[in-house]
Amino acid sequence: MVTVVMVAEKPSICNAIAIALSGGNHETKGGTPPVHTFRSNFMGSSALFKVTSVVGHVFSTDFPSAYQSWDKVDPVTLFDAPVEKKAEKKGVVHLLQNEGKGADYLVLWLDCDREGENICFEVISCIMPEALSRKELRTPGPKQRIFRAKFSAINPNDIKNAMMTLGAPNENESLSVEARQELDLKVGVAFSRYQTRYFQGKYSDLDSRIVSYGPCQTPTLGFCVERHILIQNFVPEPYWVLCPTIKIEGYGAVKFEWERGRIFDKRVASVFRSIMLEDSRLKILRVNQKEVKKGRPTPLNTVAMLKACSKALGIGPASAMHTAENLYLQGYISYPRTESTAYPKSMNIEETLRQFSRHAIWGGFVDDLLPRNWVTPKSGVDVGDHPPITPCRLAQPGDLSSDQGRVYDLIAKHFIATVSPDAVYLQTKIEAQIGTENFTTSGRQLKRPGWLGLYQMRSEYEDEENYEIRNLPSFKGGETFQMTSETLPMVEKKTSPPGYLTESELIALMEKNGIGTDASMATHIENICQRNYVNVESGRRLVPTQLGTVLVQGYYRIDADLVLPIVRSNIEKQCDLIAKGMADKDDVVAHSLSNFQKKFSYFVKNIEMMDTLFEASFSPLTAGGKPWSKCGLSNRYLQLIQSKPQRLYNKNTEQVYNLPQGGSFKLWGGRVCPVEGCGFELSLFVVGAGKDQRSYPLCPNCYNNPRPEWGPAPSSKGLMTECPHADFHPVVAKLTLCDDEETNGVFILDPGSAPNNWRLVSTRSNFMLTFPSDVVHKLTVLSETDPACENHHLLQVLPPPDPDQLT
Ligand SMILES: *[C@@H]1O[C@H](CO)[C@@H](O)[C@H](O)[C@H]1NC(C)=O
Ligand SMILES: *[C@@H]1O[C@H](CO)[C@@H](O)[C@H](O)[C@H]1NC(C)=O
């Protein structure tokens with residue numbers, strides 16, 4: 001009996017695989033992620049199958065800890081720094097190592113895209129690390145022990161099919177992901193650390209925790225700012241048009257359009273009008289009618305789905321992607337990351353269509369298409385990754401929660417539309433003349449709604465022109481109409497700027513310029529929103545903030561390559577070559593890094609060109625802030641800068657003291673840090689809300705310059721909800737009662753709980769113990785310890801004074 005270990009990307013996929021391959025006869029061992037086992041055959045022998053999963057990437061690419069400090073590491077050295085794989089989820093690594101012990105074969109069921117290929121190799125490094133150097137174990141041949149399953153939808157047919165056509169993992173695709181990870185990490189972190197430090201050390205009101213740079217994020221922002229500048233610089237220009245209007249009994253007014261369009265000189269327009277009024281008859285020249293089609297849409301890929309979700313449903317790309325992934329995991333739709341817009345030849349369109357004949361709303365429409373009235377879908381592009389996004393099973397209205405339901409409906413209707421007949425209109429175009437000047441007007445009537453019938457005539461798509469129905473009265477060639485100064489008005493109009501970019505337009509620009517991939521575009525857009533570089537306003541239009549605008553303008557001044565899409569799209573092309581085996585990963589990475597390192601050094605040298613823009617837009621630290629606590633070195637008061645990120649600033653020495661983010665600050669009655677040589681005035685760091693609110697002591701100097709003898713300090717990345725100091729910091733130690741075994745922290749007397757709400761709080765969690773004020777009047781931690789247990793300090797409790805004794 002051989003053992004076959006199979007690994008999927010998510011627990012729900014692994015569940016579906018176990019059911020499909022065992023026919024439901026599997027056993028499940030709980031845990032996260034769970035492991036399913038069953039017996040069957042593999043490579044001609046009876047086999048024990050174990051199916052489990054990871055949860056996305058197992059490792060992340062990061063710098064070793066020596067490079068983590070913002071203070072001690074010069075960002076320029078990051079370009080040459082080593083990178084390492086860090087276990088994101090230690091539990092998953094252990095699970096893979098344990099379950100993988102003694103495996104004879106490994107079958108990889110990761111998602112079928114480059115990220116999935118990369119996770120394959122992460123899994124191999126946990127289960128059969130020897131195969132990383134022994135290629136024959138993972139290439140087709142007699143020694144192959146590692147296999148790759150390729151599938152596009154989580155249904156029993158696709159899964160069984162994949163199992164019968166196992167291939168091999170693709171190392172070059174995995175390497176292309178690694179190349180991009182390393183480049184993005186090094187370039188992003190070097191620029192972000194440098195410019196964050198520089199600008200936050202000078203300005204008080206940037207309102208962003210990190211002034212980040214990203215090789216994709218920044219060009220994405222660039223598109224939004226470019227449009228902003230176009231709008232800002234736009235000067236409206238007046239123009240004039242002549243629009244003859246004739247009134248027809250029983251119909252209303254018919255407006256004609258002038259062939260010359262806009263006239264930008266008022267006198268010229270007036271002269272035309274006078275000449276026309278002399279002749280004064282509008283003569284119908286010709287009436288043309290023809291059928292025009294509004295074609296059915298092409299099959300849906302990721303980019304088109306994200307655009308439609310934003311435009312038609314008002315759901316942003318990150319949220320749309322997340323929702324689509326959930327639908328995929330539940331088996332409702334096929335894999336939502338794909339560039340292809342052509343259905344595979346093997347797809348059974350009729351069967352996919354048939355399940356919708358039971359749909360409560362579109363059932364009738366679909367019935368009309370079956371069995372043979374549906375049409376061949378438009379031929380799109382087959383990129384060879386996954387088929388276009390299609391529904392895999394029926395969901396009735398109300399089966400799915402609101403956003404899932406709306407995204408599902410969009411995908412399902414799109415599929416039905418792609419195999420429905422085109423919409424057919426009868427278009428009427430009328431040509432007319434006044435003197436020698438030409439005019440037209442047109443009408444449109446619907447002959448056959450086709451696919452638009454599914455949408456109540458309102459399509460949800462980007463390329464939608466105005467296909468409104470417009471009836472016209474019937475005209476005959478040679479007919480004439482008398483014009484007067486009233487029916488031949490000269491109308492003044494103004495040119496107007498384009499609107500701000502919509503999300504859907506931005507996605508189109510990113511696609512066209514090769515910024516990001518279908519898997520990552522949504523994240524880049526989300527990032528520029530979260531960094532406070534753009535705001536999403538009504539109509540899902542992206543309006544840059546002052547910070548976003550100034551940054552992009554600054555890059556343009558120093559080195560436009562940092563924001564123009566061309567550099568990034570070159571990198572994407574290089575990564576593509578790695579994936580296709582036409583370029584070497586190390587060469588690509590080394591070349592791009594040396595290029596960016598030069599750009600970085602040039603940027604640092606010329607940062608003042610950007611800084612002059614910041615100076616004009618933001619307030620210097622010296623102007624902002626309120627006097628706060630005393631500095632132990634200069635004995636002057638530090639200023640508390642309250643806009644994001646909160647900081648303390650010494651006006652005299654221009655020193656900035658970072659503060660933990662995620663809470664608020666209180667002065668602590670003038671107490672001074674007991675650490676020798678420090679002497680900074682202490683504050684309280686207050687976190688949590690309501691019943692969970694608790695406070696911890698905070699010395700701004702020690703927070704920025706922790707010493708190893710105080711023990712491991714909490715990470716200062718992100719929002720902090722625990723004690724900002726290590727547990728052996730003298731001021732924490734003074735308040736400590738005993739260990740908190742649950743979290744490896746300690747219990748301290750909450751220094752903000754005095755005078756009538758005494759509490760003990762854990763330094764590492766929100767756990768606390770409250771003493772009622774009618775029992776405890778004052779609580780003090782003594783330096784003496786419990787004789788029975790030397791880790792426990794004694795508490796001195798003073799009861800409230802007896803009210804009777806006061807009188
Ligand atoms: C109007 O259209 C006719 C053709 O239909 C053309 O010969 C003529 O030059 C046009 N007049 C002007 C002013 O463009
Ligand atoms: C992978 O890329 C290398 C070049 O870096 C190439 O020699 C090799 O043939 C490629 N492997 C496959 C399977 O395409």
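In this chain, residues are counted from 1 in sequence order. Predicted, not measured: the structure shown is a model, and the values here were computed from it. Atoms within a ligand are numbered from 1 in the order they appear, just like the ligands themselves.
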Practice task
Flag atom 5 (O) of ligand 2 as yes if some protein heavy-atom distance to it falls below 4.0 Å, otherwise no.
Solution key: yes

Exercise for the section: Record the part of Glu259 in heavy-atom contact with ligand 1 below 4.0 Å; permitted values are side chain, backbone, both and neither. Expected result: side chain

Fill in the blank from the handout: Here the atoms of ligand 1 under 4.0 Å from any heavy atom belonging to Glu437 are 13 (C)

Practice task
State whether Glu115 and Arg337 are salt-bridged, where the test is any N-O pair (Lys NZ or Arg NE/NH1/NH2 against Asp/Glu carboxylate O) under 4.0 Å.
Solution key: no

Problem - Contact (N/O only, under 3.5 Å) between Asn438 and ligand 1 - result: yes

Problem - Contacting atoms of ligand 1, where contact means under 4.0 angstrom from a heavy atom of Arg286 - result: 5 (O)

Problem - Residue among Glu122, Lys85, Lys89 satisfying side chain to side chain donor-acceptor pair (under 3.5 Å) with His57 - result: Glu122

Practice task
Report yes or no: does Thr441 contribute a side-chain atom to a donor-acceptor pair with the main-chain N or O of Lys255 at less than 3.5 Å?
Solution key: yes

Problem - Any donor-acceptor pair under 3.5 Å from Tyr251 side chain to Asn471 backbone - result: yes

Exercise for the section: Could you tell me whether Thr436 and ligand 1 have an N or O pair separated by under 3.5 Å? Expected result: yes

Handout entry: Presence of salt bridge, Arg148 and Glu117, under 4.0 angstrom
Key = yes

Exercise for the section: Mark yes when over 12 heavy atoms from residues, nucleotides or ligands other than Glu130 sit less than 6.0 Å from its CD; otherwise mark no. Expected result: yes

Exercise for the section: Run the numbers for me: atoms of ligand 2, each under 4.0 Å from some heavy atom of Gly581, listed by number. Expected result: 1 (C), 2 (O), 3 (C), 4 (C), 6 (C), 10 (C)

Fill in the blank from the handout: For Arg260, the ligand 1 atoms with a heavy-atom partner under 4.0 Å come out as 13 (C)

Handout entry: Check: Asn172 N/O within less than 3.5 Å of ligand 2 N/O
Key = yes

Problem - Protein contact for atom 2 (O) of ligand 1 (heavy atom, distance under 4.0 Å) - result: yes

Problem - Verify atom 14 (O) of ligand 2: protein non-hydrogen atom under 4.0 angstrom away - result: yes

Handout entry: atom 11 (N) of ligand 1 protein-contacted (non-hydrogen atom, under 4.0 angstrom)
Key = yes

Handout entry: Non-hydrogen side-chain atoms of Phe600 and Val76 separated by less than 4.5 Å
Key = yes

Exercise for the section: Please say whether more than 12 non-hydrogen atoms of neighbouring residues, nucleotides or ligands are located less than 6.0 Å from CD in Glu325. Expected result: yes

